[in-house]
Asker: 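Take a look at this one; I'll ask things after.
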Amino acid sequence: MPFHVLLEGMGTGPQIPAHLTRISISLITTSTDLTNKVVKGKVVQKGPLVSLAPDNFILKTVIQEEDSELNASSQNLSINVVLFGELAKNFSQGVNQEDMVVAAGFTMSKSPTVRKDNLHPFNLLLSGDDACIYVFRPKPPPDDRSLLANKRSSTLSAEVSRKTKVPKYTYVRLGDLTAGSVFNVYGVVVFFKQPFKSRGTDSCSILKITDQSNQNITCSIFCEKLEDHPKIFQIGDIVRMHRVKAQFFKDSISLVNTFGFSVVTFDGTVGGAVEPRTSSRSFHFNQEDRQIVEELRSWASSQALFPTVSAAIHLSAVQPKSYFDLNCQLLAKAPIDSTCILLRVWDGTRCPHTLLKVNVEPNVTEGPSSFSKEKENIIANVFVYDNHLDCARKLKLGSFLRIYNLRANPGHSSVPGLTSSQSVDHLAFHLHGGTSYGRGIQVLPEDSLDVQELKRVLEAFPHDDMNEPFDLNDSALLEVWSTPPELLDGKAVKSSTERGDSPDMPLMTLSELKQCELSRVHHVRAQLRSYEPRRLHQALKLYCSKCTSMQEIPDEELVAGIFSEASSDYEPCNAPPWALLSAFLTDSPGSPDRALTLLLPRQLMSEVKTKGLIFLMGTTLEETYRLAASYQNIVPVRSSGREITLLDLSAPFLFRGRKRHYGCKRCSETVLRDPSAEGVKVIDEKVVAEVLGVQLLQCVLLMKLELQDATDTLEVFLWTHAESFFGVSAEDAAANQEAQNSIRQTMESLCPPGGSMDQHPWLDLFLTAYQTKDDVGQNQTCYQICQTTLIKPPPQNRTPTPPEPPPPPSPGSEITSAG
DNA sequence: GATTAGGCTTTG
């Protein structure tokens, strides 16, 4: 188990093995022997958990060594730690900022961000079975002694509890409650009300729960903080509450939370994952709890306690005048008046009834003020009233919501702030004031099934380039970029731009731009002060248009490892009927004999070198590269059992000349099939990907530039328009030296190394602005270069750059580097 | 170790 919670001052429980010795972070160098070494430090920064593929995560954190007796110097006491896989997930869930941790089983790599973050020149990498994190926790209060467990990790808590004495919680059936006493209970939610502000100091949630004793018990939960309330999303959810007091009210027993109260919620779906939802920093959960949840689920499903059909429906199923729950994504919002906010949402389905259009001033709209026509047609306008305003204001654009007890209202007469007259059968949606019927809004967690389903549907909708240049969510983008720490926890907010429709877009200074509203294209003239990454290969990323994830190009070593592992695992296997198998032994010097196998699709054999494709098994990465010079398409394969399969998708699935093509691990379902399908004239990467069930990753360029004019400096991204900016495709840049040289020369001409700013040419650029928000609601504005094409001067015209800006260029296609 | 509310039969 790579992740342990240690309880301070306790002699029992997991311990750091005695053979491990601690070294100071400051002493880590390439020549340090890392065998059996650990480092200890306090978590001073914790980045978000970034999902690279299902069950493959990455997380970056910074730890700082605190005690000075170990330090040889006070230099380099803080170090970036990158965690992979399950460990990253456990860390994300179980470790908080300020926690003291010990890392073991790490490897090192050079820190690419050392110049920027001034941290240790190396990063610690924690991946694989040897990697391990120990977390120190203060001794728990007597009441919860030994009950610490890691959030959401039942196996972990089981591990911890086996080794420590656990005074068990006992749970009482709802039929056995007696007034005046405090109990721990489990129950199935049959009714709930979102938390609302009470007249006292707290918010109040009302829920009604039941269990096998068939009692319906009303619970009033008072908590000051919203996050401490039960995280109930729907009827049928299961709650576990500790320390609730039973009391009589109106001839029946009800429950109220009391001191030390805690609550954990589970989805009620039979057979679903038992994932605890809670804000508790520590709680305990073991096999017995899992069993209780599963018993309650199956009991509830046999009882017809509530309609099996969820109250949540898609917009496509909405009936006028009905009440329903809606799972949706928030695209924009605008205040209407002091009692009403407009939320613009979609769920990717088309309502059969025409949706009401609402005209709102663009300058009061948060998010894009308009979308493409097609998208507008499926966006629902939701008017949110009164007590729900507080919650609505806090919602972040892009978040996934469940809106409870929404009313589909025909006509516009009841809609405030409208001037346009619209036909009465246009539907508007209202979340009325009050909390009856569970009315309210919940933000759905990203990992919920509802959100996963929503994302699937929304991704199928054609992307709206005009308004959403960033298909990728910003937090993933920022993470790929090793962004400054202040942005690391930034949550994604929908981005927006509009094409500037004025042919004479006014030029503005950078400082004016910073004051300016979003949702516009801006025209600036500036010099390039610096850029990142300095090494071009680091600017190349792989982007999946399906799941919109962005990832690094796997490094050579990793890929070579996959090849060598695959070739050493060779077993004799059967050729599929559509291919000829041809195997021979290779005895390249210095390596043991290996079987090298060619698999030739029969139909393509005659032209295998010209337009064909071969499957290759048993070669090293280097051999594959060499062979790729002679064959049009090479798909590396391996034996698995007696079958032939593709390699792990961390490796390229296809070599085409000097180009390598990668597939998305998350979105591909690979299968080995005959590529020589009838009617295919040219076999290219798209055809091969399609046949093999691979979701092709697109090679993209991503750079960060620092601009400067007389008034200010500004950091901007160059991404979606990078290829047209350089006039070079990212794919070419990945495969061909000439293309790389061209980009490098361009960057050097815009930002001459070692030159003074006088030698940096002035650039006319169009920029789009978009916004991210951090957890405390602070706005972060980001910029991207758009619609700007670099026009290179003819080579004979290599004169020094004029210090004065060039004359204004024609719009749309922009100039300019005179250097 | 007080207080809050104690579902609902909808409405802009």
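In what follows, chains are A, B, ... by sequence order, proteins preceding strands, each numbered from 1.
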Asker: Not counting sequence neighbours, list each pair that qualifies as a ring pair (Phe, Tyr, Trp, His ring centres under 6.0 Å) and has a residue in residues 387-410 of chain A.
Answerer: A/Phe192-A/Tyr404
Asker: In whole Å, what is the span from the CD1 atom of A/Ile206 to the P atom of B/dG6?
Answerer: 5 Å
Asker: In whole angstrom, what separates A/Asn405's CG from B/dT10's P?
Answerer: 11 Å
Asker: Establish, with yes or no, whether the OP1 or OP2 oxygen of B/dG12 is under 4.0 angstrom from a side-chain nitrogen or oxygen of A/His430.
Answerer: no
Asker: Could you check which residues of residues 172-190 of chain A get a heavy atom under 4.0 Å from DNA chain B? Sort them by number, please.
Answerer: none
Asker: Between the side-chain atoms of A/Arg407 and the base atoms of B/dT10, is any donor-acceptor pair under 3.5 Å?
Answerer: no
Asker: Quick one: side chain to side chain donor-acceptor pair (under 3.5 Å) partners of A/Glu446, sequence neighbours excluded?
Answerer: A/Lys455
Asker: Using the test ring-ring contact (aromatic ring centres under 6.0 Å, His included), find all partners of A/Tyr186 that sit at least two apart in sequence or belong to another chain.
Answerer: A/Tyr171
Asker: Using centres under 5.5 Å plus planes under 30 degrees as the test, is A/Tyr323 stacked with B/dT10?
Answerer: yes
Asker: Take the protein atom CZ of A/Phe324 and the nucleotide atom C1' of B/dT10, then report the distance between them rounded to whole Å.
Answerer: 14 Å
Asker: Between B/dA5, B/dT10, B/dG7, which nucleotide gets closest to the side-chain atoms of A/Phe222?
Answerer: B/dA5
Asker: Please report the distance, rounded to the nearest Å, between NZ in A/Lys245 and P in B/dT4.
Answerer: 13 Å
Asker: Rounded off to whole Å, could you give me the CD1-to-P distance for the A/Ile341 and B/dG12 pair?
Answerer: 17 Å
Asker: Using a 4.0 Å heavy-atom cut-off, does A/Gly433 contact any base of the nucleic acid, only the sugar-phosphate backbone, or nothing at all?
Answerer: base
Asker: Under a 4.0 Å threshold between the charged nitrogen and the carboxylate oxygen, would A/Arg290 count as salt-bridged to A/Glu295?
Answerer: no
Asker: Quick test of your reading: applying ring pair (Phe, Tyr, Trp, His ring centres under 6.0 Å), list the pairs with at least one residue in residues 201-227 of chain A, sequence neighbours left out, ordered by first then second residue.
Answerer: none
Asker: Atom CG of A/Asn387 and atom P of B/dG12: how far apart are they, to the nearest Å?
Answerer: 12 Å
Asker: Between the base of B/dG7 and the side chain of A/Lys208, is there any donor-acceptor pair under 3.5 Å?
Answerer: yes
Asker: By a strict heavy-atom criterion of less than 4.0 Å, which residues belonging to residues 193-202 of chain A are in contact with DNA chain B?
Answerer: A/Lys193, A/Phe196, A/Ser198, A/Arg199, A/Gly200, A/Thr201, A/Asp202
Asker: Under 5.5 Å between ring centres and under 30° between planes: does that hold for A/Phe259 against the base of B/dG1?
Answerer: yes
Asker: Just grab all the side chain to side chain donor-acceptor pair (under 3.5 Å) pairs involving residues 199-208 of chain A, residues at least two apart or on different chains.
Answerer: A/Ser205-A/His229
Asker: Please report, to 0.1 Å, the donor-acceptor pairs under 3.5 Å made by any side chain of residues 431-440 of chain A, with sequence neighbours excluded.
Answerer:
from: A/Thr435; atom 1: OG1; to: A/Lys193; atom 2: NZ; distance (Å): 3.1
from: A/Arg439; atom 1: NE; to: A/His432; atom 2: O; distance (Å): 3.3
from: A/Arg439; atom 1: NE; to: A/Gly433; atom 2: O; distance (Å): 3.2
from: A/Arg439; atom 1: NH2; to: A/Gly433; atom 2: O; distance (Å): 2.8

Asker: Applying the 5.5 Å / 30° rule, does A/Tyr437 stack onto the base of B/dT10?
Answerer: yes
Asker: Would you mind classifying the nucleic acid contact of A/Gln247 as base, sugar-phosphate or nothing, using non-hydrogen atoms under 4.0 angstrom?
Answerer: base
Asker: Which of the following nucleotides, B/dA5, B/dT10, B/dG7, is nearest to the side chain of A/Val256?
Answerer: B/dA5
Asker: Among all residues two or more places apart in sequence or in another chain, which pass the side-chain contact (heavy atoms from CB on, under 4.5 Å) test with A/Gln234?
Answerer: A/Asp237, A/Asp267, A/Ser310, A/Arg402
Asker: Would you say the side chain of A/Asp386 and the base of B/dG12 hold a donor-acceptor pair, judged only by whether the two atoms sit under 3.5 Å apart?
Answerer: yes
Asker: Between A/His242 and A/Phe261, does the ring centre distance come in under 6.0 Å?
Answerer: no
